[in-house]
Amino acid sequence: MRIKNRLAVVIGLVVLLTLSGAGVSFAYFTSGVTASGTINAGAVGVTQTLSSSLLNAAAFTSTNTTVTGSVTVANTGSVSAAYTASAPSLASGSSSALAGRVTVSAWPNAAGTDCAMQAKPGTAVTSTWQQLSLTGTLAAGASTQYCLQAALDVHNSVSGIPSGSTVEPGVFTSLGSGTNWNATSSTQLVDLAFIDDIAPSTPGSLSADAVSSTSATVDWTASSDNVGVYGYRVYRNGTLVSGTVPISATTFTNTGLTPNTSYTYTVAAVDAAGNVSAVAAVSVTSLSDSTTAHTIATASGLCVDVSGSAYGSGFLLVSSNCNQSGSQTWSFQTDGTGTTVSSMWTKHGYQGLLWDVANNSTASGASAVSEPSTGRSTQHWLITSLGGNSYQFKNVGSGLCLQMPAGNNLQITQEVCDASSSTQSFTVQ
């Protein structure tokens, strides 16, 4: 509304002043005055509308990593005004960790089509919700729309965030004209959640070692997971035997085995959301008890034997054509630190001699020998199953493995362990 007042021009207005007691009068004239002005009257108002795809968003999962919707801002007032749409705060109960991992991209919906049908343009501005700021100016009665796309890298950016976590940014728009005229919209909550549906990776390098007649130890390398591995489940012949092995452990010892019996162990990783990995498997045959004699041979058909004519203490272990002689018969005894391999009978009556390493050596290339029991660590061997009836013998004292050369009557030594080497793979017959 425009109001204009004009004051009449007063010309020649004489004002007489009489000074009291002086009897003197003075006169003066006022100047002509014209007054005018303009007053604008109007209103400011704003509405904000979020699309239902943001108000009721589908949860982030491995197959749904983006949520796309729109925000529409309208100037319902009668004067032009500047607006700012932002999400400065999160609703109570929101996960601040999840809020920091979710990104939001915004771009003007110039096409006027469903934002979900648009590819995010290269000009889109990407930020977090709490950094979001959409600004502009709207004429009276005008509106504008932005596309908003929330994204979460559920494969690589959710470590430590529990499945089921939620975040609700509060979006609102403020609109103002001049210094003192402003209006704000109601706050609307974007509803976002994360559901972990990705299983951990399969445990690696599964093996069974420290095999004895009544127990075996299963080992594996750790699994990985987008959020975090909770633990492992160990099965023997399909039956759960461990409950859940803690994440800090990658080994499990199973007792109560029957001697000379084949078993299949499988291990799976599980996360806190209950996702279970594929299983890794290893087969193992428990050893016979200490009363059973065996020959121990490689694929070349050579057996572990004792050199020389005395077959006594300190004599070398050598490769020999398998002939089932007394010097080629061995038994297994378990004492908790590893398995000892002892002679059952030799041609000259020596019994109970153990596999050992010459001079208690821990060096690669040192000779394997037969010695009486002394209790030293080089007389203990960890027996690793290579599958079926094949085993590798690892010396507890040196950490090296028994190796038989591919020739008759050659010295047996300890060498760096190599499960793929045929000279370190032995069958028990």
Side-chain angles (χ1 to χ4, degrees), residues 199-225 228-271 276-288 296 332-341 355 362 364 377-403 414-428:
S201 64
T202 306
S205 304
L206 189 64
S207 64
D209 57 25
V211 179
S212 71
S213 59
T214 59
S215 67
T217 298
V218 182
D219 301 285
W220 59 90
T221 56
S223 296
S224 60
D225 186 62
V229 177
Y230 175 73
Y232 301 91
R233 296 173 182 171
V234 181
Y235 301 82
R236 185 184 72 198
N237 294 345
T239 300
L240 187 68
V241 294
S242 71
T244 299
V245 178
I247 181 59
S248 57
T250 54
T251 184
F252 176 76
T253 298
N254 187 217
T255 59
L257 305 186
T258 301
N260 197 30
T261 302
S262 295
Y263 298 93
T264 297
Y265 288 93
T266 53
V267 179
V270 61
D271 63 21
V276 182
S277 74
V279 299
V282 63
S283 296
V284 60
T285 300
S286 59
L287 302 176
S288 299
I296 298 175
F332 304 101
Q333 302 175 44
T334 304
D335 62 1
T337 61
T339 296
T340 59
V341 186
W355 284 4
T362 59
S364 178
S377 61
T378 52
Q379 293 185 339
H380 298 277
W381 302 80
L382 290 175
I383 304 177
T384 299
S385 174
L386 299 178
N389 191 37
S390 296
Y391 303 90
Q392 187 178 46
F393 294 86
K394 181 177 182 179
N395 190 269
V396 172
S398 67
L400 302 174
C401 287
L402 194 73
Q403 180 166 301
Q414 62 174 3
E415 307 291 347
V416 174
C417 295
D418 180 2
S420 65
S421 172
S422 60
T423 60
Q424 291 185 13
S425 176
F426 296 86
T427 58
V428 178

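This one's a predicted model, so the numbers in the text were calculated from it and none came from an experiment.
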How would you list all residue pairs meeting side chain to side chain donor-acceptor pair (under 3.5 Å) that involve residues 228-237, not counting sequence neighbours? R236-N254
Could you check whether any side-chain N or O of S201 sits under 3.5 Å from a backbone N or O of S224, counting only pairs where one atom can act as donor and the other as acceptor? yes
Distance in Å, S398 OG paired with Q414 CD, rounded so as to fall on 0.5 Å steps: 3.5 Å
Is the shortest heavy-atom distance from the side chain of F332 to the side chain of I296 under 4.5 Å? yes
Closest approach of S425 to S390 (non-hydrogen atoms, all atoms of both residues): OG-CB, 3.8 Å
Would you give the length of the straight line joining atom CG of L400 to atom SG of C417, rounded to the nearest 0.5 angstrom? 6.5 Å
If you compare all heavy atoms of V229 against all heavy atoms of P200, which two are closest, and at what distance to 0.1 Å? CG2-CB, 4.1 Å
Distance-only donor-acceptor check, side chains T285 and S262, under 3.5 Å: yes
Side-chain donor/acceptor of S286 to backbone N/O of T261, under 3.5 Å: yes
Is it the case that the side chain of S385 and the backbone of S283 share a donor-acceptor pair, with hydrogens and angles ignored and the cut-off at 3.5 Å? yes
Between T221 and T250, is the side chain to side chain contact (heavy atoms under 4.5 Å, CB included) condition met? List the steps. CA-CA 6 Å; T221 56; T250 54; over 6 Å; no
Student check: side-chain heavy atoms of V234 and W220 closer than 4.5 Å: yes
Nearest heavy-atom contact between V276 and A199 is O-CB, 3.4 Å
Between P203 and A280, which heavy-atom pair has the shortest distance, and what is it? O-CB, 3.4 Å
Quick one: does Q403's side chain have a donor or acceptor within less than 3.5 Å of a partner on V416's backbone? no
Look only at the side chain of S421 and the backbone of A419, and say whether a donor-acceptor pair between them is shorter than 3.5 Å. no
Any chance you could measure T266, atom OG1, to L206, atom CG, to the nearest 0.5 Å? 8.5 Å
Would you say the side chain of V267 lies within less than 4.5 Å of the side chain of F252, judging by non-hydrogen atoms? no
Non-hydrogen atoms of G228 and D271 that approach each other most closely: O-CB, 3.4 Å
Kindly indicate, with the supporting measurements, whether the criterion side chain to side chain contact (heavy atoms under 4.5 Å, CB included) is fulfilled by V396 and L382. CA-CA 6 Å; V396 172; L382 290 175; 3.9 Å; yes
Distance, nearest 0.5 Å, that separates CG of N389 from CG of N260: 8.0 Å
So CD1 of I247 and OG of S223: to nearest 0.5 Å the spacing works out to 7.5 Å
Under the 3.5 angstrom rule, does the side chain of T340 hit a backbone N or O of Q333 as a donor-acceptor pair? yes
Fit a plane to each ring of W355 and W381, take the angle between them on a 0 to 90° scale, and name the class: parallel (under 30°), tilted (30 to 60°) or perpendicular (over 60°). perpendicular
To the nearest 0.5 Å, tell me how far T334 OG1 sits from H380 NE2. 11.0 Å
Would T217 and T253 satisfy side-chain hydrogen bond (donor to acceptor under 3.5 Å, both in side chains), going step by step from the backbone distance to the final call? CA-CA 4 Å; T217 298; T253 298; 2.8 Å; yes
